[in-house]
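Accompanying notes for the structure given below.
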Amino acid sequence: MADPETLRPETLLSVRGLRIGATAYPPGEAPRDIEIVKGIDFDLSKGRVLGLIGESGAGKSTIGLAALAYGRGGVRITGGEVRLEGTDILALGKKGVRALRGARVCYVSQSAAASFNPAQRLGDQVIEATLHHGLATRKEALARAAHLFRLLSLPDPDSFGDRFPHQVSGGQLQRAMTAMALCPEPDLIVFDEPTTALDVTTQIEVLAAIKAAIEETHTAALYITHDLAVVAQVADDIMVLRHGETVEYGPTRQIIEAPTQDYTRNLVNVRSIRHAEAPDQSGQFLRLSGINAFYGSFQVLHDVSLHVPRGQTLAIVGESGSGKSTLARVACGLLPPASGEISFDGAPLPRTLKKRTREQLRRMQMIYQMADTAMNPRQTVGQIIGRAVTFYSGKRGAARRARVIELLDQIELGEAYLDRYPAELSGGQKQRVAIARALAAEPELILCDEPTSALDPLVADGILKLLLKLQAEKGLSYVFITHDIAIVRAIADSVAVMHRGRLVRFGPKSQVLAPPFDDYTALLLASVPEMELGWLEKVLARRRA
Amino acid sequence: MTAPRSDTPVPRTLARKLHEIRSDYPMGSRILGRLLLGLVLLWASSVLIFCGIEALPGDFATTYLGQAATPQAVANIRAELGLDQPMLTRYLAWAGGILHGDFGTSWASGQVIADQLWHRLGNSMLLAGCAAVIAVPLAVSLGLLAVLYRDRWPDKLINLVSLAAVSLPEFFVAYLLILWLVVQHPVAAFPATVYDSMSIWEKLHTIALPVATLVLVVIAHMMRMTRAAILSLLSSAYMETATLKGLGALRIIVRHALPNALAPIINVVALNLAYLIVGVVVVEVVFVYPGMGQYMVDAVTVRDLPVVQGCGLVFAGIYILLNMAADILSIFVNPRLRHPR
């Protein structure tokens, strides 16, 4: 394309010495000011895409929102300049900022489902900013919205806007939000983790749609994510952030193929765990056979049968809504199945939680995706773990304390964490405490429901390593629910693939993840982003063929 | 709407059929459900009122006869009024009459209750209606204004004044208004007794003070609910979306927050409307206004039980009707129910 702007790139956004702070309110201490972003510089040319990558807390969303002169919550921009075509937007008054937002700079959030007003039709929301800023007439805006819906491969593009947010799927909402950002024809769009909340099979579609839309409209973009493999598909340049500082900043190819910093190398080589699959998988320590389960009149599980040998890991993989968490609820008795049998260590287990003995409950424990909602925020770590110790072993006083400390050592946190509250822990530390609480029961099997999917890759790696270490030491069996194929490759012995409440594939890892594939497993495997430039185009080309 | 989580599968029976109807017609079935519930509640309150009045101490015959209450005379009067019949018979006769619009005759005056009742109800509705027409829009607007200027002086002023108004007893507010607007600056009318011969403008002028009193009494509750309902939405992600579209604060609150805050606002408005009709005895007494409340209080003093029963049932009916209307409106403003998937 002989577009003069692409030949002679003009600087659109120029950020110099950006500093952003907030006030923290730690429990029981005086409030103190913290610095979230500590002096960031970058330039973004028209029509280019800059990927901002880092763990949570790295300040990447905060930087993205600064491009709209916005601080979320109590966040304040304390220093530096954000120049949009030469004008420092941080120095604009209220009116100037309002004229900028939704017209020249637009924002796509991580959770489109929460970011659309539930009481308004999608179309009205998509064109609202365009009309408000007087950029087009209603008729023109509607036509543009329909065009964008088509560009983003949304169903029935001409009438899609008549729907309400609850009437479309999560992936469609995310694309609708992209349309909402593109509609006023802005100079810059900030994409804040736009595919993180989606299933891999949906993520690839949304990613392709966003990429196509960026290319067609020549808008510049800041693309924020924690997934390097994703950002490698869309960004021209990448900035790696950590603790509010730049670790590395350069062209995408250099960052992926020749990173200069250790931290970047770790991000590139994340998931270095390779767990060799157990040779004998005939054991049936936990066995579910012919399970049918319902929520009300809606059948969520259709005739599912699988088993886990003692001391091994079964990974259950599938999209959200595939019934994988429901299967765990059935196994631990939270959801009694309509039909089918559950047996544990050779003996049948009662279907309902009430009918199971405390000993049966003790032997099977559970850890959850959201460790912080699974813990009482008003109890210390010692109390949280100690309750489970007392409940299952009856230990009190000094014996209980000693056991809690022993458990804290096993999860690599140690005695110092005894009196901390959950709010004082990081996400990974909270998940470790949740593991310790499960271990307090001295279980033989742990049901892990996406325990790492809310965590950053490096932290998640630490949790997976811990789980494997505990398995080796104690002979624990795991049922590990995940939507992440990379985790399955890393830790599983056997794998079950779920799709729409049915088991589509079950067997040893080496068989399930090797051809010949059924259609769904093939799609699932092909959708996992790979750390490779041009991967997205390759997959899309293969699909079209 | 997804099906509610239940831990047991629904068997293929009537329950399942009902469940299907509910998911096929989410709004119609819910509205029908509320209507049926309203009828059941009305029946239950008629039983409660009847039994409650049965249980009251005192007896019309002895009160009526006073010194002349010989056992024979009492028995005669009781027979005349049908009080010697069994309770169930009397309840069925009373309830059956009401189904035909017949509330019986007053023991004290011998007049047909229904005529007097509808007349008084009409007066009460006029008073309540005028108060509501002023109070509801004013309360919602003040609530919006308080949100717009939250934690700044307009918000604080609105809160202070409305809290003061709701904290003062109604009769005190009423006497203050009389003192100020009738005695010191004679612009308003007192007493607020309306007659059928008056034109609607004369009536409105006459009832201005009781209306003003009622507005002051109910406005704070609705205003604070509006404020709280909208404030609770301000931190939601779609409000941030609206901010990042560059919309102004007023537009964000009116277009994006208010539609989602309607359900709690509608409910508190309905409660206050019911209060305006049912709970204004004190204001009626102070302003000598011939409404339902005074009618009932007069009947209680002479133990004219059919009137008390009739008034009680009408009050219950109004409460049920208004709350039912609020429920149905709340269902109607929920986009998930109005536009099922």
Side-chain angles (χ1 to χ4, degrees), chain A residues 65 68-70 72-73 94-95 97-121 124-125 128-130 132-133 162-168 177 180-181 184 190 292-299 329 333-339 352-353, chain B residues 1-24 26 229-230 233-263 265 330 332-341:
Chain A
L65 287 167
L68 292 111
Y70 183 76
R72 185 178 277 160
K94 259 189 186 174
K95 254 193 163 160
V97 167
R98 282 221 303 271
L100 169 97
R101 293 176 183 164
R104 300 188 59 202
V105 190
C106 292
Y107 180 72
V108 177
S109 78
Q110 172 174 355
S111 162
S115 298
F116 274 107
N117 187 336
Q120 277 183 28
R121 293 179 197 275
D124 290 335
Q125 302 190 52
E128 184 178 19
T130 312
H132 178 76
H133 294 290
D162 296 338
R163 303 188 202 180
F164 280 86
H166 67 273
Q167 293 173 313
V168 307
M177 187 144 199
M180 185 154 86
V190 178
N292 285 293
F294 293 81
Y295 285 136
S297 60
F298 179 70
Q299 188 163 8
R329 282 168 58 83
L334 285 171
L335 178 72
S339 62
T352 60
L353 201 58
Chain B
M1 248 349 234
T2 51
R5 268 195 178 193
S6 91
D7 281 356
T8 42
V10 179
R12 290 178 184 282
T13 54
L14 184 68
R16 183 151 191 180
K17 192 76 201 156
L18 281 177
H19 186 84
E20 276 165 19
I21 293 175
R22 215 174 141 82
S23 50
D24 287 351
I230 293 179
L233 294 177
L234 284 191
S235 57
S236 53
Y238 57 85
M239 299 303 283
E240 186 180 272
T241 306
T243 308
L244 294 179
K245 279 178 180 174
L247 308 182
L250 185 64
R251 187 183 161 89
I252 293 176
I253 289 171
V254 173
R255 290 264 299 154
H256 290 278
L258 190 59
N260 290 293
L262 278 180
I265 296 174
S330 304
F332 197 73
V333 297
N334 183 339
R336 285 172 186 274
L337 297 177
R338 202 173 46 194
H339 306 280
R341 293 188 77 116

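Source: prediction; values computed, not measured. Excluded from the calculations below are hydrogen atoms, water molecules and symmetry mates; all remaining heavy atoms, backbone and side chain alike, are included. The sequence lines fix the lettering, A, B, ..., with proteins before strands; numbering per chain opens at 1.
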How close do [X] and [Y] get, counting heavy atoms only, and between which atoms?
{"X": "A:Ala119", "Y": "B:Pro335", "value": "CA-CG, 3.8 Å"}
{"X": "A:Pro118", "Y": "B:Tyr238", "value": "CD-CE2, 3.5 Å"}
{"X": "A:Arg101", "Y": "B:Leu244", "value": "CB-O, 3.4 Å"}
{"X": "A:Asn117", "Y": "B:Arg255", "value": "ND2-O, 3.9 Å"}

### Message
Any side-chain to backbone donor/acceptor pair from A:His166 onto B:Leu337? Under 3.5 Å, distance only.
### Response
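Not a single qualifying donor-acceptor pair exists.
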If I measure from the heavy atoms of chain B, does [X] come under 4.5 Å with its side chain, its backbone, both, or neither?
{"X": "A:Leu65", "value": "side chain"}
{"X": "A:Arg121", "value": "side chain"}
{"X": "A:Val97", "value": "neither"}
{"X": "A:Phe164", "value": "side chain"}

### Task
To the nearest 0.5 angstrom, please state how far the OG1 atom of B:Thr241 sits from the CE atom of A:Met177.
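Going from the OG1 atom of B:Thr241 to the CE atom of A:Met177 covers 4.0 Å.
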### Partner set under side chain to side chain donor-acceptor pair (under 3.5 Å) for A:Asp124, not counting sequence neighbours
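Counting only residues at least two positions away or on another chain, A:Asp124 forms a side chain to side chain donor-acceptor pair (under 3.5 Å) with A:Arg138.
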### Message
Among residues at least two apart in sequence or on other chains, which ones pass side chain to side chain donor-acceptor pair (under 3.5 Å) with A:Glu128?
### Response
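A:Glu128: side chain to side chain donor-acceptor pair (under 3.5 Å) contacts with B:Lys245, B:Arg251, B:His256.
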### Query
Between A:Arg72, A:Arg98, A:Arg163, A:Gln299, which has the largest tally of heavy atom pairs under 4.5 Å with chain B?
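Between A:Arg72, A:Arg98, A:Arg163, A:Gln299, the count favours A:Arg98.
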### Query
Using a cut-off of under 4.5 Å for heavy-atom pairs, which of A:Cys106, A:Gly102, A:Ala99 has the most such pairs with chain B?
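Answer, by heavy-atom pair count under 4.5 Å with chain B: A:Gly102.
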### Message
Among B:Leu262, B:Thr243, B:Leu233, which residue has the highest count of heavy-atom pairs closer than 4.5 Å to chain A?
### Response
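Of the options given, most contacts go to B:Thr243.
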### Query
Could you walk me through whether A:Tyr107 and B:Glu240 pass the side chain to side chain contact (heavy atoms under 4.5 Å, CB included) check?
CA-CA 10 Å; A:Tyr107 180 72; B:Glu240 186 180 272; 4.0 Å; yes
### Message
Under 4.5 Å from any heavy atom of chain A, what part of B:Ser235 do you find: side chain, backbone, both or neither?
### Response
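Neither part.
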